[in-house]
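Numbered from 1 within each chain, the chains take letters A, B, ... in sequence-line order.
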Amino acid sequence: MNAIAIKHNDEIIDLQTAEKLGFEGEQIHLDNSDDSLEVLRHSTAHLLAQAIKSLYPDAKFYVGPTVKEGFYYDFKTESEIGEGDLKKIEKQMLSFAKKKYEISKYEISMDEAKTKFKDDHLKLAVMERIPSDTVSIYKQGEFEDLCRGPHLPNIGLIRYFKLTKLSGAYLGGDSKNEMLTRIYGIAFADKESLKDHMTMLAEAAKRDHRKLGNEMKLFTFREEVGAGFPIWLPAGGRLRARLESLLFKAHRKRGYEPVRGPEMLRSDLWKTSGHYQNYGENMYFTNIDEVEFGVKPMNCVGHIKVYEDELHSYRDLPIKYFEYGVVHRHEFTGALHGLFRVREFTQDDAHIFCTAEQIEDQIIEVVDFVDKIMSTFEFDYKMMVSTKPEKAVGSDEVWDISTQALKNAMDKNSLPYEIDEGGGAFYGPKIDIKITDAIGREWQCGTIQLDFNLPERFALEYNGEDNDKIQPVMIHRAILGSFERFIGILTEHFAGEFPMFIAPTQVAIVPIADTHKEYAKELSDKLIDIGADSEIYSKNDSLNKRIRTAEKTRVPMLVIIGDEEVEGKTVAIRDRRTREQYNLSEEEFLSLIQTKINEVNF
RNA sequence: GCUGUCAUAGCUCAGUUGGCUAGAGCAGUUGAUUUGUAAUCAACAGGCCCGGGGUUCAAAUCCUCGUGACAGCACCA
């Protein structure tokens, strides 16, 4: 097999360039290695542009890079392009590929390039960002594109690709700029891999929490209720209640006190906190008796008022308040996404009021708490330290101190993290905990925010050793982030097959005939006594049908009872995965369920 | 909010180029059947075809404005 490029000084160099510069190195062949796919997908992006240019001659092109999930090309044309046009474009791409055009490369000066592309304002915009005096042009057939490469030697090598998505994208990723058309695609070296990739996407779609939430009756949305306002159905309600109660105990063990602030507070308070100025357009307001109230978008102000209710001594610190706080935020319609992004949600929110000296210990304690919960659910997560954003309150000095405090806490305990420059909250830097969903998208769940500003703005204080007034530090933190998003991610993670301790229903009971219903009810009551929910499938359907229906709810355990079981006080257990059956005595069964429910402790 | 696609029964979907009373499966109700491990049979019921406005002899179908959903962009205290 011939090489498609070489690796020189850890850089992929295409053959066009290597030949000219006389570079040598390890050969890269057309396979599904990262290096090979990088070149293949980049050239496929060019082939896409070539096809677009031939179908829409007025098209202007911006950039066409490879990305984690394939490649895309951003362009602009006066014609309207819809998703239905993707097939047509794919066909055109194939017909070009069949012509096996060579991809050649030549270099011209920046001035020449600007003349060459003078009618293409998008290419001119690209050139604005290139510091060099010369640029390279890649040519295949009649089509030429300004590009750094690397590329395949011939477009005939492109055979197994698919255009996947069509959408808009702002020029340069800035919503102030014009919007271009973006087409996403994927390419592989062989047919099998392409097919496997499409199958993988289809499998991921099957565990989409919106689909499972509907099937499993966890939650729903209704047009007449409003976008982004979830409705929790009984099964979802039970799951959520289990999570709440586990987490409640975990907080109590760690010294948190449950509190509760009002759903809406006078706007003056939001002005003091800075939310009014910074996020006012995303808040819900109402006027009553000529007083304006803001529905809370966060719980911190409520907790500050709890803190202010009495005088505090340094001996009392840290003070930790927690609340399952319902918040409302008016998100853009286009941002709404199932339970992942909603306009009303409940945070597992807490605020720690502490001294400057306690910051590090408190941060570490919270990070441990996070790890305990994430590892229980076997989630992969990563932590990002986010620094001062453009919209920010407080002095640079305070920002430096607090950002450094967060990093120190992480560094001293050798906890790995990435930096998100400018990603902090307006009142302070933060550590975000991000979990990956079924198709590889990352979602922020937990957050730990260090705040010197709100204590200042609300003039919070405690009495120090010398009876002097000292300002406390606030740590805002949420572990799940919100019950909505976290349950959405849990659903995808387990593909709806929740473990016993969190499942909406622990046991499905199927009595064989009407005469066994009484025993079924007896079992069900005993299950409630040990904190387990069960459902009895006694409808007038065939036994097979009822077993099938129960299995389809993804309940973790299925028990069948008939004459033998009633007589011997036993249950027949059916394993959902293996379809194997075995019998247990009633006591054994109940203690098994109890063990499984209690095996998790945060 | 932006670009594109879409909206028919509780759910999943049919419904030809505008043309008779808008269909199916599942779920639901009522019978019959009482079942030993993944769909018993039958009958019934269920619709302002997302909402408003328009074009037309005629609109689920075409146009328009909303609302909501999907993909991505931008946003995410």
Side-chain angles (χ1 to χ4, degrees), chain A residues 69 72 74 76 80-86 164-184 208 210-211 214-215 217 220-228 270 273-275 277-283 296-300 327 329-338 340-342 347 386 389 391-393 423-428 430 432 441 443-444 447 449 451 454 476 481 485 510-517 538-552 558-565 572-576 579-581:
Chain A
E69 61 278 12
Y72 68 79
D74 281 354
K76 175 125 186 150
E80 269 207 358
I81 301 186
E83 273 161 22
D85 297 314
L86 293 182
T164 50
K165 285 175 265 194
L166 175 128
S167 73
Y170 294 108
L171 192 158
D174 188 336
S175 60
K176 290 191 215 57
N177 292 340
E178 63 177 313
M179 182 158 268
L180 311 176
T181 305
R182 174 175 293 182
I183 293 179
Y184 282 92
D208 189 306
R210 293 167 299 187
K211 182 177 150 69
N214 184 29
E215 276 175 27
K217 297 268 175 218
T220 187
F221 290 91
R222 307 214 46 123
E223 185 177 344
E224 68 270 26
V225 170
W270 300 117
S273 72
H275 287 93
Q277 299 84 330
N278 287 288
Y279 287 97
E281 70 269 27
N282 296 318
M283 286 176 63
K296 67 175 173 174
M298 296 204 65
N299 306 297
C300 34
V327 297
R329 299 178 182 181
H330 188 268
E331 304 283 2
F332 282 140
T333 45
L336 301 174
H337 184 103
F340 286 174
R341 197 80 178 271
V342 287
Q347 297 177 311
S386 305
K391 260 196 224 175
V393 296
F426 72 85
Y427 45 72
K430 58 178 182 169
D432 280 337
R441 288 178 298 208
W443 294 91
Q444 185 212 310
T447 185
Q449 308 172 348
D451 181 5
L454 290 186
H476 309 238
R485 181 175 288 183
V510 184
I512 289 175
D514 283 353
T515 47
H516 313 124
K517 275 158 89 169
S538 59
K539 236 185 62 176
N540 187 10
D541 273 330
S542 67
L543 176 66
N544 283 349
K545 176 69 174 288
R546 285 179 288 141
I547 289 173
R548 179 184 148 85
T549 309
E551 293 267 7
K552 286 190 71 151
L558 188 57
V559 310
I560 321 279
I561 49 175
D563 286 340
E564 292 170 30
E565 285 73 24
I573 293 179
R574 178 188 159 100
D575 188 288
R576 187 176 52 180
R579 297 190 182 181
E580 277 166 17
Q581 300 146 34

Which whole number of Å gives the distance between the [atom1] atom of [N] and that of [M]?
N      : M      : atom1 : value
C6(B)  : G10(B) : P     : 23 Å
U34(B) : C20(B) : P     : 47 Å
C13(B) : C70(B) : P     : 14 Å
C44(B) : G52(B) : C1'   : 36 Å
C73(B) : G18(B) : C1'   : 37 Å
A45(B) : U30(B) : C1'   : 10 Å

Exercise. How are the rings of H275(A) and W270(A) set relative to one another: parallel (under 30°), tilted (30 to 60°) or perpendicular (over 60°)?
Worked result: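 Answer is perpendicular, since the angle exceeds 60°.
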Tell me, please, which residues at least two apart from [X] pass salt bridge (Lys or Arg N to Asp or Glu O under 4.0 Å).
X       : answer
K517(A) : none
R341(A) : E331(A)
R548(A) : none

Exercise. Do R579(A) and E551(A) sit within salt-bridge range, that is, some charged N less than 4.0 Å from a carboxylate O?
Worked result: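 Not counted as a salt bridge, because no side-chain N and carboxylate O are separated by less than 4.0 Å.
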Exercise. Taking for each residue the nucleotide of RNA chain B bearing the nearest heavy atom, is the 5' side occupied by R182(A) or by E551(A)?
Worked result: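 Going by which nucleotide is closer to the 5' end, it is E551(A).
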Problem set entry | Under 4.0 Å protein heavy-atom contacts per nucleotide of nucleotides 30-36 of chain B, with B for base, S for backbone only and - for none | --BBBBB
Exercise. Reading nucleotides 2-12 of chain B from the 5' end, what letters show protein touch, with B for base, S for backbone sugar-phosphate only, - for no heavy atom under 4.0 Å?
Worked result: BBBS-----SS
For this session: Round to the nearest Å and state the distance from R210(A) atom CZ to G68(B) atom P.
Result: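 The distance from CZ of R210(A) to P of G68(B) comes to 17 Å, rounded to the nearest Å.
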Problem set entry | Spacing of I183(A) atom CD1 relative to C73(B) atom C1', expressed in whole Å |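 Answer to the nearest Å: 15 Å.
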Exercise. In terms of side-chain heavy atoms of K545(A), which of C70(B), A77(B), A39(B) is nearest?
Worked result: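 The listed nucleotide nearest to K545(A)'s side chain is A39(B).
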For this session: Between G72(B), A77(B), C75(B), spot the one nearest the side chain of Q449(A), thanks.
Result: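 Closest nucleotide to the Q449(A) side chain: A77(B).
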For this session: Using the ring of Y72(A) (Phe, Tyr or Trp, six-membered ring only), decide whether K165(A) places NZ or CZ under 6.0 Å from its centre and within 45 degrees of its axis.
Result: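 Geometry flag: not set, cation outside 6.0 Å or 45°.
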Touch class at under 4.0 angstrom, heavy-atom based, for [X] against every strand present:
X       : value
H476(A) : nothing
K430(A) : sugar-phosphate
Y427(A) : sugar-phosphate
F221(A) : nothing

Exercise. What base-paired stems does RNA chain B take part in, with at least 3 consecutive Watson-Crick or G-U wobble pairs and both distances under 3.5 Å?
Worked result: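 As far as RNA chain B goes, consecutive pairing (with distances under 3.5 Å) yields the stems B:1-7 with B:67-73, B:10-13 with B:23-26, B:28-32 with B:40-44, B:50-54 with B:62-66.
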Exercise. Taking OP1 and OP2 of C75(B), is either one under 4.0 Å from a side-chain nitrogen or oxygen of R329(A)?
Worked result: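 For C75(B), OP1/OP2 do not have a side-chain N/O of R329(A) under 4.0 Å.
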For this session: Taking R329(A) for its side chain and P297(A) for its backbone only, find out whether a donor-acceptor pair lies under 3.5 Å.
Result: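 Side chain of R329(A) to backbone of P297(A): a pair is present.
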